[in-house]
Visitor: 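Attaching a single structure in structure tokens format; questions to follow.
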2 protein chains.
Amino acid sequence: MNKQKPVRLRDLAFELNLSVSTVSRAMSGKGRISDKTRARVLKAIKKSNYTPNDVARSLRMQNAMSIGIIVTDITNSFFASVIKGAQSVSREKGYSILLSNSDENILYEAEAMQLMLEKQVSGLILASVGNNGPRIDQFRSLNIPIVFIDNTPEPITSFDSVSTDNHKAAYCLTTRLIEKGYREIGMITGPLNQSSGRQRYEGFQSAMNEHGAPLRAEWIREGDFQMESGMVLMRRILETARPPRAVIISNNYMTYGAAKTIKRMGKSIPDDVALASFDTDDPTSLSSPTIASMNQPAVEIGTKAAEILINRLTAKQPLPHANLVLEPVFTDGDSW
Amino acid sequence: MNKQKPVRLRDLAFELNLSVSTVSRAMSGKGRISDKTRARVLKAIKKSNYTPNDVARSLRMQNAMSIGIIVTDITNSFFASVIKGAQSVSREKGYSILLSNSDENILYEAEAMQLMLEKQVSGLILASVGNNGPRIDQFRSLNIPIVFIDNTPEPITSFDSVSTDNHKAAYCLTTRLIEKGYREIGMITGPLNQSSGRQRYEGFQSAMNEHGAPLRAEWIREGDFQMESGMVLMRRILETARPPRAVIISNNYMTYGAAKTIKRMGKSIPDDVALASFDTDDPTSLSSPTIASMNQPAVEIGTKAAEILINRLTAKQPLPHANLVLEPVFTDGDSW
DNA sequence: AATGCTTGCGCAATCGATTCCATTGTGATA
DNA sequence: TATCACAATGGAATCGATTGCGCAAGCATT
């Protein structure tokens, strides 16, 4: 009904005939205080529904105990899992999560980073769209650590990162395809100015070259990691005079789009064209065919990123930069 | 390299030979200030990489301009979409998002609510697991608005909510099944102590009764909205002496589990058993068969929840409680 | 009994931005 | 030129919690 003023330390102190500082010490357990008054205070707090004002505490402590997370799209199950992982570690260690979606928009990303600065986050976990140099420098100069995930800036100079061995993942996937007898293989890559996109493309190239398989330009298209581009580019590839027998697709969304297009064109996977992908593993999926895929350990990326971040935040002395590269996890499928 | 102290208003003021208050006024545009000094200040700020300290501002303003969101599972695409919707509205209106995952755990949920209180969120969007009375009362007494989503507390006394017409959704889904000729229909319900679970069950009952279709106890099982329970309960249902010809399943995860079980038992959807579900609509899905489903407009739930919340936060006079009930969206499929 | 040490607690500064109030300064009008 | 009105700016309190410092009381040691 009527707005009730929140209880402050001052109110408790008044009620107990104590000073604010004593009540504060009773709560925190720091500083000198007798067991008797401590008990008295704690008892009073119990039934007073006192809620500490963390904003005030943050200001005084110069530490908001919060971690910013910026991802490009929270509805992408990969990022959702990353966030879940990061959240569980953060909770344990007493950090809260400030979330922002950049919608793959570099302007929104910059805005979000600015917000994180203003909110005085202790650290940032960032899945960056592209290069966002000036803003990143600001974090560096304020000594606010960033852990990059998914896309890592290159060269990885002075930041932490958690990523997957994308080169290896693509290399293995391609090699398996070749071992299965496919030689005419195309690829829908991600943006080549993003590390994940380029590394996967390079892994593909390596494997193809090593096995003497042909790299044909019209079988290779650069997408943008969105479903739309998977649909469009797969159609283009299949409409070439002599389409490839298999296509590697650089992420989950483009694969979904590509598979839809293939079905819509009345063709079959893998009889007309085989597919291999990244990050399509999903225990809940009823996908048919199931897609052979190299998957990033998403939850682990989240937990590791949070651990590295918090580790740095609580370290006494400067720490070397951690650039963790996790192994991709293969899941087989009927798509090849 | 070396930690750099952040620039404060005080530093700017000193540099410009002005008082802190003047600089503050220049930034906010409020209060009396000459255009000349205002311009001078703004110019200085431009090249000073000054970042306002929002923690201090929040303390002074008694308003953190942030919205808490607590969901049971961020990797559930339904909740991910809700968050995305809420985030986009919040960004527009200048609110930031504090996120917490409760992992379907009522203790974590309580913890998260406590966190939100301490962080002084302006309002809360809550997908609650169960009844969490005392904590909710605390929000009420502090006049911090809550918008419930997904599960609404009953009776909806003094809070806002955004939900879907679950009864109607289940009723329609059942009616369609019956119209397709199915009469022996089972159901895997959600927890009946949650509003969404119960309402869907009741809608099912209504339709069945109205059409004189048999309600048989062994065809109806109460699940917990997790994939596991979908798997287990579907097996139980199919192993009854005389299994139903169709089963309605109360949410997406249980449907995925159930479908897997059916496939694993070597049976076919819909020939051996037809399925109808909730919230399985997903434009990226390669599911086969596609599942006929009544879907909550997840993104809209998020945007509406945020709008209602912010509306209340910025309203001059007290507002009546908004209990928005959105229409479910039907997507047809091959599962029946 | 005087000195010194320890313990328990209060006072007051502090974190950075906002805002009310007071002060100074400028220009206009009689 | 004296007075008034108002605009521009500075000073200081404030938001709520933390913490260094100092004071006073208690205890022990000589």
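Chain A is the first sequence line, chain B the second, and so forth, proteins listed ahead of strands; every chain is numbered from 1.
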Visitor: Should we count OH of B:Y50 as having more than 12 external heavy atoms under 6.0 Å?
Guide: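 Enclosed: over 12 neighbouring heavy atoms sit under 6.0 Å from OH of B:Y50.
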
Visitor: Between A:D11 and A:K5, does any side-chain N to carboxylate O distance fall below 4.0 Å?
Guide: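 No, A:D11 and A:K5 are not salt-bridged.
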
Visitor: Can you tell me if A:Q87 and B:N101 form a side-chain donor-acceptor pair at under 3.5 Å?
Guide: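 The answer is no; no qualifying pair exists.
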
Visitor: Tell me which residues in residues 33-48 of chain B put a heavy atom below 4.0 Å from DNA chain C, sorted by number, or none.
Guide: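 Per residue number, the list is empty: none.
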
Visitor: I want to confirm an ordering. Mapping B:R32 and B:N53 to their closest nucleotides on DNA chain C, which one lands closer to the 5' end?
Guide: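 Nearer the 5' end of the strand: B:N53.
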
Visitor: For B:R25 and D:dG11, what is the distance between atoms CZ and C1' respectively, to the nearest whole Å?
Guide: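 Between C1' of D:dG11 and CZ of B:R25: 10 Å.
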
Visitor: Along DNA chain C, 5' to 3', what are the outermost nucleotides having an atom less than 4.0 Å from a heavy atom of chain A?
Guide: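 Footprint of chain A along DNA chain C, 5' to 3': C:dT7 to C:dG16.
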
Visitor: Of B:L59 and A:S19, whose nearest nucleotide on DNA chain C comes first from the 5' end?
Guide: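 The residue mapped nearer the 5' terminus is A:S19.
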
Visitor: For a quick check of understanding: with a heavy-atom distance under 4.0 Å over all strands, which category does B:N17 fall into, base, sugar-phosphate or nothing?
Guide: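 Sugar-phosphate only.
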
Visitor: Ignoring hydrogens and angles, write down the donor-acceptor pairs under 3.5 Å from the side chains of residues 109-119 of chain A, residues two or more places apart or on other chains.
Guide:
from, atom 1, to, atom 2, distance (Å)
A:E109, OE1, A:V129, N, 2.6
A:E109, OE2, A:S128, OG, 2.7
A:E109, OE2, A:N132, ND2, 3.2
A:Q114, OE1, A:R135, NH1, 2.8
A:Q114, NE2, A:E118, OE2, 3.0
A:K119, NZ, B:D54, OD2, 3.0
A:K119, NZ, B:A64, O, 2.8
A:K119, NZ, B:S96, OG, 3.4

Visitor: A:M27 has an atom CE; how far is it from atom P of D:dT19, in whole Å?
Guide: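 It is 13 Å, rounded to the nearest whole Å.
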
Visitor: Does a side-chain N-to-carboxylate-O contact under 4.0 Å join B:D35 and B:R40?
Guide: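 No salt bridge links B:D35 with B:R40.
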
Visitor: More than 12 non-hydrogen atoms from neighbouring residues, nucleotides or ligands closer than 6.0 Å to NZ on B:K93, yes or no?
Guide: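 No, not enclosed.
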
Visitor: If you take atom types as modelled and just measure distance, does the side chain of B:R60 reach the base of D:dT14 with a donor-acceptor pair under 3.5 Å?
Guide: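 Pair found.
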
Visitor: Give a yes/no answer on whether the side chain of A:S21 brings an N or O atom under 4.0 Å of OP1 or OP2 in D:dT19.
Guide: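 Checking A:S21 against D:dT19: no side-chain N or O falls below 4.0 Å of OP1 or OP2.
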
Visitor: Using heavy-atom distances to pick each residue's nearest nucleotide on DNA chain D, tell me which of A:V55 and B:V23 is more 5'.
Guide: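 Final value for this comparison: B:V23.
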
Visitor: May I ask you to check whether A:N63 and A:S122 show a side-chain donor-acceptor distance below 3.5 Å?
Guide: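 A:N63 vs A:S122: donor-acceptor pair found between side chains.
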
Visitor: Can you find a side-chain donor-acceptor pair between B:S163 and B:S161 that sits under 3.5 Å?
Guide: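 Note: B:S163 and B:S161 side chains miss the donor-acceptor criterion.
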
Visitor: Roughly how far apart are A:I74 CD1 and B:F79 CZ, rounded to 0.5 Å?
Guide: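 Those atoms lie 12.0 Å apart.
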
